[in-house]
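Each chain gets a letter, A, B and so on, in the order the sequences are listed, and its residues count up from 1. In this text the structure is predicted, and so the values were computed from the model without any measurement.
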There are 2 protein chains.
Amino acid sequence: MAPPSAIDIRGLTDTEALIYPNPLTVNEVTERRAKAGKLIAGVAAGTSSDLFKSKSNGKLAKRFDHLISEESKSRGTSSLKAAAKFLSTPGIISLGGGLPCSEYFPIQDLSMTVPVAPDFSEEGTRKSGVVVTTGKYDTTQGDGTYDLSICLNYGQGTGSAQLLRFVVEHTEMAHSPPYKDWQCALSVGSTMSLEQAYRIFTERGDYILSEEYTFASAVETALPLGCKFIGIKMDSEGLMPTDMDDILSNWDVKARGARKPHLLYTVPTGQNPSGATQSVERRKELYKVCQKHDVFIIEDEPYYFLQMQPYTGADAPPAAPPASNEEFLRLLVPSLLSLDTDGRVMRLDSFSKVIAPGTRTGWVTASAQIVERFIRHNESSAQNPSGLSAITLYKLLDETWGHDGYLQWLRHLRVEYTARRDALLLACEKFLPKDIITWTPPAAGMFLWLEVDLANHPHAATKSVLEIEDEMFLACVEKGVLLSKGSWFLGDKTKEPTQLFLRATFAAATAEKMEQAIERVGVAVRDAFGVKA
Amino acid sequence: MAPPSAIDIRGLTDTEALIYPNPLTVNEVTERRAKAGKLIAGVAAGTSSDLFKSKSNGKLAKRFDHLISEESKSRGTSSLKAAAKFLSTPGIISLGGGLPCSEYFPIQDLSMTVPVAPDFSEEGTRKSGVVVTTGKYDTTQGDGTYDLSICLNYGQGTGSAQLLRFVVEHTEMAHSPPYKDWQCALSVGSTMSLEQAYRIFTERGDYILSEEYTFASAVETALPLGCKFIGIKMDSEGLMPTDMDDILSNWDVKARGARKPHLLYTVPTGQNPSGATQSVERRKELYKVCQKHDVFIIEDEPYYFLQMQPYTGADAPPAAPPASNEEFLRLLVPSLLSLDTDGRVMRLDSFSKVIAPGTRTGWVTASAQIVERFIRHNESSAQNPSGLSAITLYKLLDETWGHDGYLQWLRHLRVEYTARRDALLLACEKFLPKDIITWTPPAAGMFLWLEVDLANHPHAATKSVLEIEDEMFLACVEKGVLLSKGSWFLGDKTKEPTQLFLRATFAAATAEKMEQAIERVGVAVRDAFGVKA
């Protein structure tokens, strides 16, 4: 057996490394593109991830027909879209589709100033930023790959070929899905992707598995579809596969009034609200339980690239950030997608946390079967991301930064978020009563999860957790700090919480403001518990 | 009684004019804005149409609780969003919401070149277009109303306050809804709005009423939701209210296996595929039938502002286009929304046909009750249009053109589409056999609906309409023209068509290409019927 590979980004054993394909490198993408020649994709051009992927000899994903909803199954292809095949007939004049003529799009060109490596700061952009311009007819009157006449017209349910190419390559570089027929499709953000995922995999009355405390919108999106959440116990590494196995092994259809759950919603990295990140061992264990019970996984990963440097504490020097893009990728915890030999993961990615939420653009990755269901739904709902978002992202990520520059940008965010998190943690260490409030330094994401020990609370015996939580929340507001209540994130709304949590974000306020805020929280908590500083 | 008013844009009788409010004028909007002062709406600011409307003393819309689906009814407000009210506490520091910090949005500024009146052509834009620039902090570091730091962050389910203000004012100017509590909300395009409307108003198993031939996507979107379409007979003015009344009056729940329909999907202006436009009399008659049977109306109006000049024929001079914005508005057929005294219309507007489809931006207008259901759905799906689309539209429509300039742009489109339609009609008159193919010159939209009389077709007795349609479609492709088959647009897929239609668009090809295409169609049709030119 070969010696342990030092460059395996996925923390895999040698045996496992034989199962999972090697990730693609930036250089290989460059070579592949050179070989493929210029990307030609005009107005409403059909496209597919398969055009942009490595040719893999791996096995195909399993089929999941038995888990797909009646609604999703009945989505057919559009007869009008099917007619598009005749458009390639030489010399044909189309009076078919109702695509408006680009001469009526009242934008002639679009320019933006963007940062470039190595100084990605706003100050640096003012000094050394570059101006990127897009014309209306860059592809037909110049040698451009994408232009306003294309992005401002209708598109396909996959989203623009130009941006799709970038995310497919990026996905292969970061996750290298270990089966043959994985694909991506652009989305209008993960909130929408998640609703679509529910509609693909659930019927009214179903239970969805998730972390005990979970993204409130994920629950609020599922409830109108007639689905309930069942929470899995968590520790500092997020959901506990043993508890999930217990729940599924002992599922009582009659008592629950619902079939055994077959869908897991999880945020494995920098989970919202707990900040927990599943280790690679935890992920493998989780995946095995999903295989055992035939559970399909929705891996929602907005914070995947907000993995931070290890926290070294108040008195130790900070850890040196990754010195190269390769090292940066190597330090990332492997995604569930990268471990998904069956094709039972639908991964949701988003540009919201790494570029800007207002782009309303993200993408999904899953087996061809699932992505095709997703695309069919796009066609009769949001269709595809705004063309203005698509071309802005394409121009920035692909033409200006390239994969190399984008990874450098992500490293910039890593350093920035590490500093923000550290500032919040230092404030907590300084101002919070540690016998009452405890926390685990988050390794990823935007959130710190504060557990309040109620043992010595003066009303612990007479008031419910929810009552005390509300008092503490309002006491913090009174002192001038807005936190989030832990109970807002309970997936199972029928259960009374037995623990009290408060969520604080380090994404938004400055270090100075965070210190000020946490000092106030310290006062509010001590007041509530009747203790002195 | 006052003498008939010459400036009533809605073709109303004097008695009716007393019922329906007078439309708002551009000058009144200017005055209102001056009175309201600068619009302050920062990151994820809450907003409401009520801020931007005339104070009306009219009556409130009827409630439609009995028509709202279980799914839609169960959409609650988000607990996290509810906490936003504490953000207005003076001095508060928020560690609550997970909004990323704008310093990590890698776009420093955005510029675009756009046309201005009077020359909106591409040539004119190159000569006299203006450059419009948006900075990242125009609202906080300048006197701007909207900037990149706002549009690139998360927003609300209503969409951006800045763009919402424009569409609310525009809606009031064009439609002046005759009840008090109408509202608008931005959408990611009418395809998505329509899916949301179905989800608000239907349960699985329901029938939806619509024109016999209708927008294929409207049907394809409804089918996976378990809904079927029931077609209403049409004439040259679109759907026939008498037929709709018949269908509803004689509805047999048992025979149909479904409750009596309560939802109408209609495209009143420039209907797709028929090109038909309902006259104001037809609209009033339709509205009465909807009141009689308590039917809620989805008014899908992408082509409303593609109403054209009257067709004067090959030998007459073209009609002079409207000389002013006021005359332009006066010439528009009144919308169903403008006649909607009950609040039983949900109108879908879109920028796709009047600015560009790639903006993926539109809006809905309905009573507060319905718009609130729509916003709740936005919050757990697409959220709101891309911030890049919103700010581009805002900068163009509001800051550069203003309402006056936008109406001039719409007049420009009117003239352009009139010329395109006329070119296609002239080609048809020149090249098509009028004893076989007939058509009504469309008054709006993008489509010409060609009816093929099969009486003298050599296989009329032995082949089905669908077979002959397929042969003719392929014969046209063979000759080098792509048309759309009429049968693609049949709402009721269970019925065999008895008439043969082909749809041609005049939106896409040049006049020269259209002439060439129709000449080829003429040859294909004569070949199929075995007749000579």
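Across B/Thr133, B/Leu99, B/Leu424, B/Val132, the residue that shares the most heavy-atom pairs under 4.5 angstrom with chain A is B/Leu99. Ranked by heavy-atom pairs under 4.5 Å with chain A, the list B/Ser69, B/Gly226, B/Gly98, B/Ser72 is led by B/Gly98. When each of B/Ser190, B/Gly155, B/Ala507 is checked for heavy-atom pairs under 4.5 Å with chain A, B/Ala507 comes out on top. Ranked by heavy-atom pairs under 4.5 Å with chain B, the first of A/Arg126, A/Lys353, A/Lys485 is A/Lys353. For the set B/Arg376, B/Met514, B/Glu70, B/Lys479, the entry with the most heavy-atom pairs within less than 4.5 Å of chain A is B/Glu70. Per-residue counts of heavy-atom pairs under 4.5 Å with chain B were compared for A/Phe489, A/Phe506, A/Tyr154; the largest is that of A/Tyr154. Chain A forms more heavy-atom pairs under 4.5 Å with one residue of B/Arg503, B/Lys513, B/Gln383, B/Gln196 than with any other, namely B/Gln383. If you tally non-hydrogen atom pairs under 4.5 Å between each of A/Gly480, A/Ala509, A/Ala83, A/Ser74 and chain B, the highest count goes to A/Gly480. Between chain B and the residues A/Gly76, A/Cys476, A/Gly97, the most heavy-atom pairs under 4.5 angstrom are made by A/Gly97. Annotation: maximal heavy-atom pairing with chain A below 4.5 Å, among B/Val481, B/Leu148, B/Ile150, occurs at B/Val481. Ranked by heavy-atom pairs under 4.5 Å with chain B, the list A/Ser111, A/Gly387, A/Ala504 is led by A/Ser111. In terms of non-hydrogen atom pairs under 4.5 Å with chain B, the most contact-rich of A/Leu87, A/Asp109, A/Val521 is A/Asp109.
Looking at A/Leu474, the atoms closer than 4.5 Å to chain B (heavy atoms on both sides) all sit in the side chain, from C-beta outward. With a 4.5 angstrom heavy-atom cutoff, B/Leu413 touches chain A only via side-chain atoms. Residue A/Arg420 touches chain B through its side chain alone, counting heavy-atom pairs closer than 4.5 Å. Using a 4.5 Å cut-off between heavy atoms, B/Pro90 makes no contact with chain A at all. In this structure, the portion of A/Tyr137 lying under 4.5 Å from any heavy atom of chain B is its side chain and not its backbone. Of the atoms belonging to B/Glu103, heavy atoms from both backbone and side chain fall under 4.5 Å from chain A. Contact of A/Thr89 with chain B is made through the side chain alone, with heavy-atom distances under 4.5 Å. Contacts of B/Ser160 with chain A are absent, with no heavy-atom separation under 4.5 Å from either backbone or side chain. For A/Pro385, the part lying near chain B is the backbone, with the side chain staying farther off; criterion is any non-hydrogen pair under 4.5 Å. With a 4.5 Å cut-off on non-hydrogen atoms, B/Asn384 touches chain A through its backbone and its side chain both. Residue contact with chain A, scored on non-hydrogen atoms closer than 4.5 Å, is absent for B/Tyr303. Contact annotation for A/Phe447: only side-chain heavy atoms (C-beta onward) come within less than 4.5 Å of a heavy atom of chain B.
A/Ser380 and B/Thr221 make their closest contact through CB-OG1, 3.0 Å (heavy atoms, listed as atom of the first residue, atom of the second, distance). Residues A/Pro357 and B/Leu152 come closest through the heavy atom pair CD-O, 3.0 Å. Listed here is the closest heavy atom pair of A/Leu110 and B/Met112: CD1-CB, 3.6 Å. A/Phe105 and B/Ile355 get closest at one heavy-atom pair: CD2-O, 3.3 Å. Here the closest non-hydrogen pair linking A/Val188 and B/Ala382 is CG2-CB, 4.1 Å. Closest heavy-atom contact between A/Ala517 and B/Leu95: CB-CD1, 3.8 Å.
Interatomic distance, A/Cys101 SG to B/Met446 CE, rounded to the nearest 0.5 Å: 9.5 Å. Here NZ of A/Lys136 is found 11.0 Å from OG1 of B/Thr113. Values are rounded to the nearest 0.5 Å. Atoms CD and CD, from A/Glu195 and B/Glu379 in turn, are 12.5 Å apart once rounded to the nearest 0.5 Å. With values rounded to the nearest 0.5 angstrom, A/Arg75 atom CZ is found 10.0 Å from B/Leu223 atom CG. We find the CD1-OG1 distance between A/Ile107 and B/Thr125 to be 11.0 Å, quoted to the nearest 0.5 Å. Separation of atoms CD1 (B/Ile93) and OG1 (A/Thr510) is listed at 7.5 Å; rounding is to 0.5 Å.
Residues A/Tyr417 and B/Pro100 form a side-chain contact, since some pair of their non-hydrogen atoms from C-beta on lies under 4.5 Å apart. Contact annotation: the side chain of B/Met192 approaches that of A/Met192 to within less than 4.5 Å [non-hydrogen atoms, C-beta and beyond]. Inter-residue side-chain proximity for A/Pro224 and B/His377 is flagged as unmet; no heavy-atom pair is nearer than 4.5 Å. Side-chain contact check for B/Glu122 versus A/Gln108: some heavy-atom pair is nearer than 4.5 Å. B/Leu388 is listed as a side-chain neighbour of A/Ser389, based on a closest heavy-atom distance under 4.5 Å.
Ring geometry, A/His412 versus B/Tyr104: the interplanar angle exceeds 60°, so the pair is classed perpendicular (tilted spans 30 to 60°).
Within a 6.0 Å radius of CD in A/Glu203, other residues, nucleotides and ligands contribute more than 12 heavy atoms. More than 12 heavy atoms of other residues, nucleotides or ligands shown are found within 6.0 angstrom of NZ on A/Lys493.
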Query raised in the report: Stepwise, does the salt bridge (Lys or Arg N to Asp or Glu O under 4.0 Å) test hold for A/Arg199 with B/Glu71?
Result: CA-CA 12 Å; A/Arg199 294 200 191 271; B/Glu71 174 184 316; 3.0 Å; yes

